[in-house]
2 protein chains.
Amino acid sequence: MGADLRLASEHRCFGGTVAYYRHDSQVCGGEMRFAVYLPPQARAGKVPVLYYLSGLTCTEETFLIKAGAQRLAAELGLMLVVPDTSPRNTGIEKEDVDWEVGTAAGFYVDATSQPWASRFHMFSYVTRELPELVGRSFPARMDREAIFGHSMGGHGALVCALRQPGRYRSVSAFAPISAPMRCPWGQKAFGTYLGPHTEAWRAWDTTELLRSGGSRLPPLLVDQGTSDKFLVEQLKPELLREACEQSGQPLTLRFQDGYDHGYYFVSTFMADHLRHHATALTA
Amino acid sequence: MGADLRLASEHRCFGGTVAYYRHDSQVCGGEMRFAVYLPPQARAGKVPVLYYLSGLTCTEETFLIKAGAQRLAAELGLMLVVPDTSPRNTGIEKEDVDWEVGTAAGFYVDATSQPWASRFHMFSYVTRELPELVGRSFPARMDREAIFGHSMGGHGALVCALRQPGRYRSVSAFAPISAPMRCPWGQKAFGTYLGPHTEAWRAWDTTELLRSGGSRLPPLLVDQGTSDKFLVEQLKPELLREACEQSGQPLTLRFQDGYDHGYYFVSTFMADHLRHHATALTA
């Protein structure tokens, strides 16, 4: 572990280790938190890295508590890296007044609008600073990265991958916000972090990135519950399907009957996603 | 679902359903909460019932969020029934001042000491009222019951089984409070709920029940983490081993190297426990 990391807690789990860290982030200008699951194979050598981006209101703990991913990550030899969902305690006046923006709602963009632009650089954090820190602190094969996420974090995973073609060997999402420019959550967040000019929003919208840049990702796996209360207004998977079809991007979009938006849904299909990533990461 | 049950929420999970209920309890004199996981097999017929008793500070949600049990329960066709850890909002003056007694600390005894004796009857609740409710509300094979638990709930599972020889087809525990009469948690709880006369405590202490009644349970499975911070002072598995040896009670006690007291530990060995119960329940 690097001297720049502060270990908050550590727990043996499925023969490996769940650990929670804090560190002083350059790109976010203050303390950031993240979690790592090291599978048992990491004691013998470097292992591939799978990033998970969480949804609104979550912390770096949520996934490792609720998703049931460690069992299979241990079997498959995958390191899981889970950042927090935003900077916290930034001193920005309105950071805690609305659950849809500010704390736990970073939306994985680099904010350009003040006061958020001083701290909310989640895209640079999860794609640059955090991977560099992971690469020098843990037995990580940094040439083998994959990314997935849920809801706001599904949007984040798709956008991180589309903005860096060729970087991630595999990409998947649970109930992602597919077209943030065309839903209330995304419009509020982008307006807050990126300002009123919607032209600037296109660089952070999955459907716009697919439309402008064409197919540039490995085949996508996306699961969506049919009883998800956010499906119609916020998630709009039909817009993702349409953009993938138009751009020639391979997509497996599965509608899961009766499942809602929570981790009972995510945990049910976790094994499929982990195997999807393991196949690409260990090929 | 019976008219006496109030559904709080319901979630599809691994092809079955996690559901949270509230109802007016006779034996606890007020509202009680519990959770049920119905595996997919319950749509076609009755399934065996596995009760899980949770530890201090937990609610009826904790296990189904953190333990990762639904995946295998779905495969094995087991119904999971998880009561809350105590009555809540009883109006008893000191119910919320100490995390070791009162709310979320019912210790699965029938209190005889006032004011607790008016409401805290968790033994009768989990062994009589709740099973009756489950039997008439869900497709449960009430002739096939098993029980397990964690910490305070491990104590609860062992005591419920020892006080009703022959009832549960299998019994197991994670890091149970093995000898409550001989540890601070148990002494405080028993003193509070049962009064100062320690003779009355013996009927609620696993090691005392084994010593007085002899072997009367199917082979026990107990897992204990070696890095559990409560091991030496509160849990005392060596006293359980000693009592089992003296009484001839078959026991598999496994010390798990480096694991702590939390659900990262419980989830790691959950599959072993579920298979232990399924073998007995479906024999």
Side-chain angles (χ1 to χ4, degrees), chain A residues 8-20 35-40 43 58 61-75 80 82 174-175 223-229 231 254-275, chain B residues 8-20 35-40 43 58 61-75 80 82 174-175 223-229 231 254-275:
Chain A
S9 72
E10 197 171 31
H11 314 271
R12 184 71 58 91
C13 186
F14 285 97
T17 308
V18 168
Y20 293 98
V36 169
Y37 178 65
L38 283 181
R43 284 195 289 272
C58 291
E61 283 194 307
T62 311
F63 174 77
L64 293 170
I65 289 172
K66 296 185 171 184
Q70 291 94 304
R71 179 187 64 85
L72 198 53
E75 187 181 316
L80 304 172
V82 188
F174 299 91
D223 277 308
Q224 173 63 57
T226 64
S227 296
D228 185 327
K229 68 179 173 182
L231 199 166
R254 310 191 302 187
F255 285 94
Q256 304 291 0
D257 188 43
Y259 287 85
D260 64 22
H261 195 63
Y263 273 84
Y264 297 116
F265 156 65
V266 171
S267 63
T268 298
F269 302 102
M270 182 52 56
D272 292 349
H273 286 246
L274 292 175
R275 291 189 195 284
Chain B
S9 72
E10 196 171 29
H11 314 272
R12 183 72 58 91
C13 187
F14 285 97
T17 308
V18 169
Y20 293 98
V36 169
Y37 178 65
L38 283 181
R43 284 195 289 272
C58 291
E61 283 194 307
T62 311
F63 174 77
L64 293 170
I65 290 173
K66 296 186 171 184
Q70 291 93 306
R71 180 187 63 87
L72 198 54
E75 187 180 316
L80 305 172
V82 188
F174 298 92
D223 276 309
Q224 173 63 56
T226 63
S227 297
D228 185 328
K229 68 179 173 181
L231 198 166
R254 309 191 302 188
F255 285 94
Q256 304 291 0
D257 189 43
Y259 286 85
D260 64 22
H261 196 64
Y263 274 84
Y264 297 116
F265 156 65
V266 171
S267 63
T268 297
F269 302 101
M270 183 51 57
D272 292 349
H273 286 246
L274 292 175
R275 291 189 196 283

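In the text below, chain A, chain B and the rest are named by the order of the sequence lines, each starting its count at 1.
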| Would B/Arg12 and A/Gln256 count as a side chain to side chain contact (heavy atoms under 4.5 Å, CB included) if you check the C-alpha gap in whole Å, the side-chain angles of each, and the deciding distance to 0.1 Å? | CA-CA 10 Å; B/Arg12 183 72 58 91; A/Gln256 304 291 0; over 6 Å; no
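- In this structure, CD on B/Glu10 lies 10.0 Å from OG on A/Ser227, to the nearest 0.5 angstrom.
- For A/Tyr259, the parts lying near chain B are the backbone and the side chain together; criterion is any non-hydrogen pair under 4.5 Å.
- Both the backbone and the side chain of B/Phe14 come within less than 4.5 Å of a heavy atom in chain A.
- Applying the salt bridge (charged side-chain N to carboxylate O under 4.0 Å, His left out) test to every pair with at least one member in residues 263-273 of chain A, sequence neighbours left out, gives these pairs: A/Arg254-A/Asp272.
- Comparing B/Gly68, B/Gly15, B/Ala271, B/Gly258 by how many heavy-atom pairs each has under 4.5 Å with chain A, the most go to B/Gly258.
- For a residue to count as touching a neighbouring chain, one of its non-hydrogen atoms must lie under 4.5 Å from one of that chain's; by this rule A/Gln70 touches chain B with the side chain only.
- Contacts with chain A were tallied for B/Leu64, B/Val266, B/Thr17; B/Leu64 has the most, counting heavy-atom pairs under 4.5 Å.
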